[in-house]
Protein chains: 4
Amino acid sequence: MKNNNILQLLMQYTKEGTQFTDKKQRIVLAAIELFAKKGYANTATSEIAKEAGVAEGTIFRHFGTKENLLLAILIPFIKHSLPQMADAIFEEVLAEKPKTIEEFVRALATERFMFFKENRDLFRIFIKEMIYHDELKNELISHISEHALSRIEQIIQDFQEKGEVIDIPAKILSRNIFTTLLGFFLSRFVLMSDNVFLDDQREIDYIVQIIVNGIKQ
Amino acid sequence: MKNNNILQLLMQYTKEGTQFTDKKQRIVLAAIELFAKKGYANTATSEIAKEAGVAEGTIFRHFGTKENLLLAILIPFIKHSLPQMADAIFEEVLAEKPKTIEEFVRALATERFMFFKENRDLFRIFIKEMIYHDELKNELISHISEHALSRIEQIIQDFQEKGEVIDIPAKILSRNIFTTLLGFFLSRFVLMSDNVFLDDQREIDYIVQIIVNGIKQ
Amino acid sequence: MKNNNILQLLMQYTKEGTQFTDKKQRIVLAAIELFAKKGYANTATSEIAKEAGVAEGTIFRHFGTKENLLLAILIPFIKHSLPQMADAIFEEVLAEKPKTIEEFVRALATERFMFFKENRDLFRIFIKEMIYHDELKNELISHISEHALSRIEQIIQDFQEKGEVIDIPAKILSRNIFTTLLGFFLSRFVLMSDNVFLDDQREIDYIVQIIVNGIKQ
Amino acid sequence: MKNNNILQLLMQYTKEGTQFTDKKQRIVLAAIELFAKKGYANTATSEIAKEAGVAEGTIFRHFGTKENLLLAILIPFIKHSLPQMADAIFEEVLAEKPKTIEEFVRALATERFMFFKENRDLFRIFIKEMIYHDELKNELISHISEHALSRIEQIIQDFQEKGEVIDIPAKILSRNIFTTLLGFFLSRFVLMSDNVFLDDQREIDYIVQIIVNGIKQ
DNA sequence: CATGAATGAGCGTTCATTCAT
DNA sequence: CATGAATGAACGCTCATTCAT
């Protein structure tokens, strides 16, 4: 779980294949912060420039349009970081060779919890902009299906064969695990205020328990 | 389950306590439709006026500002409709005197599924605008806590006393049921495309099964 | 020759079929003045607004875009005023039943001289914007061909039949008369400074003499 | 008629009296091409730089401002190339010792036709930019008067003395010849589309015939 | 000399809001 | 109450110009 911060991944994948320049990085960071805080539509490019300490024109020199700046944040994440992350997640989650379904769900929930905690800003941008941005929505959903759901499904099947998990189609179960976790993270990191919640570890414990009880044989 | 449509409820509760005039109603209906379709920020008041068949000035005569129009849609819903709805929900859910926790969860999930299905537009506005609108967020959360979570908690406790539900604090359980359902509805009605899903009844069946298995003794 | 001023004609032909409002008129007049003086590209909409004594937004309320404002000046002129003018020109020119080719050319040259003198601003806008605006160019040329050249050709043929005009195809002659006059007007009203020229009457006398000698039998 | 291309002349005359460097030449050539195609105002210096294969800064190192670049194209042409051209024109036109006014006009028309055909781009820049650029306009007109009109006038006088040309003041006749030719070239190379025209030779024949008939005794 | 990233004034355009009718 | 023309602040964006390298 060493590198959970997307921005570092983000920096590695640009059209040019080169590192972002200093100013470009500062623009991206300022944009993420402001988009997350106030939303894309309510953030003026002049504010981003001010926050980043560059001239407004510099934003357009690097990204062409404001929308491109948004996409320059989101698309590489979807296209490159997300699959790579999916690999990393399952590598890490499976590294400890979870023997029970509970160990697996706990590892997954913990890993994702930490991830969303660390990248709450980006997560918020995603959720907000996706709602009316079908292109992004479909792109993201197809990537999730391909890279995450299919793996969870496989793992569930393994546990089903061992008789540890109830006999509902693995496709359904995996989607419900995914949905349940997503709902939890949405409540936790997007919708609700922090003060509603207990400490992290107990939160994770409960959601794991709920999920696992829900699917255990 | 006779009156699931919020708009009719919405019309009955205004600050002034009077009925909305015809034009005011048309403005609210047009605004809801457009806010839901394109988002608050991307909807011009001129569009709302056109869609409602009134002059742009009329909107401002009635609501003062565009934001007030949004709040005039959301606040009464939260303040009046939501509690009333909560009453109605539990009245209805409990009307059939659910004998088991499963019957209760199924009744609740079904009722809310139908509700969100019918009011998807308003649901979307809520989610989207709440993300960066802390006032709304807190208002909504406190109402939910007060009117929904506390009742679920009470019911859970009853079932715990009967030994049907596991011995996790009822507060936690109820919040997890709530979160799980909300996550499901967010996926189902806000984030995902329709075509990802099975038919309604099977969707409900599975989410109920997951939740119930998760908390059954 | 009572109504040589295009703007009055311009005012009569709008999409709505109504008279321009006062502000709309002032915008059009200011735009013509500034476009003519400084060119379309070098005139800011803020300047037009200032000159017209309206808010900048008012321009866009009425015309949508800056280019539409240009076209709202030029297109009605081409589509409506120009054909109508062509009618008027030949009506007037032929009203005095010119017995000789010289009388005809003189009447035509005089009428057009006065016209361009009075509408020099609009003439300049036309010439300047047409140079790189093929749509306008083609529109104008086709209207001129249809409404002006064909009539001149007819009249030339009549004089050829009377043996007054040399036996070059009437099509060629008419285009050369047209071109010669146009060249004269371009030099006179667009390119050259006023001080290069003699008094109007002598200018007209000479150009007529040149043209007539050029085509007389 | 060996060297009709202005650009080569252009390259030889700069303020500094030195040869243009390679990069400077490439900038000028690119600018001429783009100014002619899209107009001065619609051509970005970045485009010129790209087309010329130099950095944008290089343009400003050489020319200081964009307007200076335009003037660096037009002024030397007016100051140096135009008089030199005038010499060359009349040298060439008179080389064949035109015995009749028709031979003279034909030689002049042919020479200029070929010239404008070959330098249509530059011609367009001139016309377009001159319209609102009084400095340029006056500069050009005074040079034309001095170097071209005065010579034509002289030649016309000669033919008048031989009784070949009508007895209108030579000043007027020469300006009318000039104007008629200019009008023809404007129509031919700036305003009209190519497809309106016949083949070059017949075009020339007719314009010559018109002019000559117009002034022949 | 040459570069090109950076600049920021100025542009066309949008739109919530006002107000005379 | 209702209207819709008018407003002007604020926006995204362009581009001639500068300057450190």
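Numbers restart at 1 for each chain; the letters A, B, ... are given by sequence-line order, proteins then strands. All figures in this text were calculated on a predicted structure; none of them were measured in a lab.
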| remark: Among the nucleotides dT7(F), dC1(E), dA6(E), whichever has the atom closest to the side chain of Thr58(C) is dT7(F)
| His62(B) side-chain N/O to dC1(F) phosphate OP1/OP2 under 4.0 Å | no
| task | Please state the P separation for the pair dT21(F) and dC1(E) - nearest whole angstrom. | result | 23 Å
| message | Just the rounded figure in Å: distance from C1' of dA6(E) to CZ of Phe63(A). | response | 14 Å
| said: Tell me the interatomic distance from Glu56(C), atom CD, to dG10(E), atom P, rounded to whole angstroms. | reply: 13 Å
| note | Between Glu47(A) and Ile59(C), the residue closer to the 5' end of DNA chain F by nearest nucleotide is Ile59(C)
| task | Drop me the distance from Tyr40(D)'s OH to Lys66(D)'s NZ, to the nearest 0.5 angstrom. | result | 5.0 Å
| said: Counting only side-chain heavy atoms from C-beta out, which of dA16(E), dT13(E), dT3(F) sits nearest to Ala55(B)? | reply: dT3(F)
| request: May I have the distance from Lys24(D) (atom NZ) to dA2(E) (atom P), rounded to whole angstrom? | output: 10 Å
| query | Which one of Leu70(C), Leu34(C), Leu69(C) satisfies the side-chain contact (heavy atoms from CB on, under 4.5 Å) criterion with Thr43(C)? | reply | Leu34(C)
| query | Expressed in angstrom and rounded to an integer, what is the separation of Glu67(D) atom CD from dT17(F) atom P? | reply | 9 Å
| message | Taking pairing as Watson-Crick or G-U wobble with both contacts under 3.5 Å, can you name the mate of dA6(E), or confirm there isn't one? | response | dT17(F)
| query | How close or far is atom C1' of dA16(E) from atom CG of Leu70(B), stated in whole angstroms? | reply | 14 Å
| Closest to side chain of Val54(A), choosing from dG12(F), dT7(E), dT17(E) | dT7(E)
| Looking at NZ of Lys24(D) and CZ of Arg61(D), how far apart are the two atoms once the value is rounded to the nearest 0.5 Å? | 12.0 Å
| said: By nearest atom, which of the nucleotides dA16(F), dC13(F), dC11(F) is closest to the Ser46(A) side chain? | reply: dC11(F)
| query | Side chains of Glu56(B) and Ser46(B): do they bring a donor and an acceptor to under 3.5 Å? | reply | no
| said: So, OP1 or OP2 of dT7(E): does either fall under 4.0 Å of a side-chain N or O from Lys23(A)? | reply: yes
| task | Output the single nucleotide from dT13(E), dT17(E), dA6(F) whose closest atom is nearest the side chain of Phe60(C). | result | dT13(E)
| query | Between NZ of Lys23(B) and CD1 of Ile59(B), what distance do you get to the nearest 0.5 Å? | reply | 11.5 Å
| message | Would you say that more than 12 heavy atoms from the other residues, nucleotides or ligands in this model lie under 6.0 Å from the NZ of Lys38(C), or not? | response | yes
| query | Does dT13(E) pair with anything, Watson-Crick or G-U wobble, both distances under 3.5 Å, and if so, with which nucleotide? | reply | dA10(F)
| Residue-phosphate contact under 4.0 Å: Thr45(B) side-chain N/O, dA16(E) OP1/OP2 | yes
| note | Answer for the Watson-Crick or wobble partner of dC1(E), both distances under 3.5 Å, is none
| query | How close or far is atom P of dA16(F) from atom CG of Asn68(D), stated in whole angstroms? | reply | 14 Å
| Which of the following nucleotides, dT18(F), dC11(E), dG4(F), is nearest to the side chain of Arg61(C)? | dG4(F)
| Nucleotide dC1(E), atom P - distance to CZ of Arg26(D) in whole Å | 15 Å
| message | Tell me the interatomic distance from Ile27(D), atom CD1, to dA16(F), atom P, rounded to whole angstroms. | response | 14 Å
| said: Which is more 5' along DNA chain F, the nucleotide nearest Thr43(A) or the one nearest Gly57(C)? Just name the residue. | reply: Gly57(C)
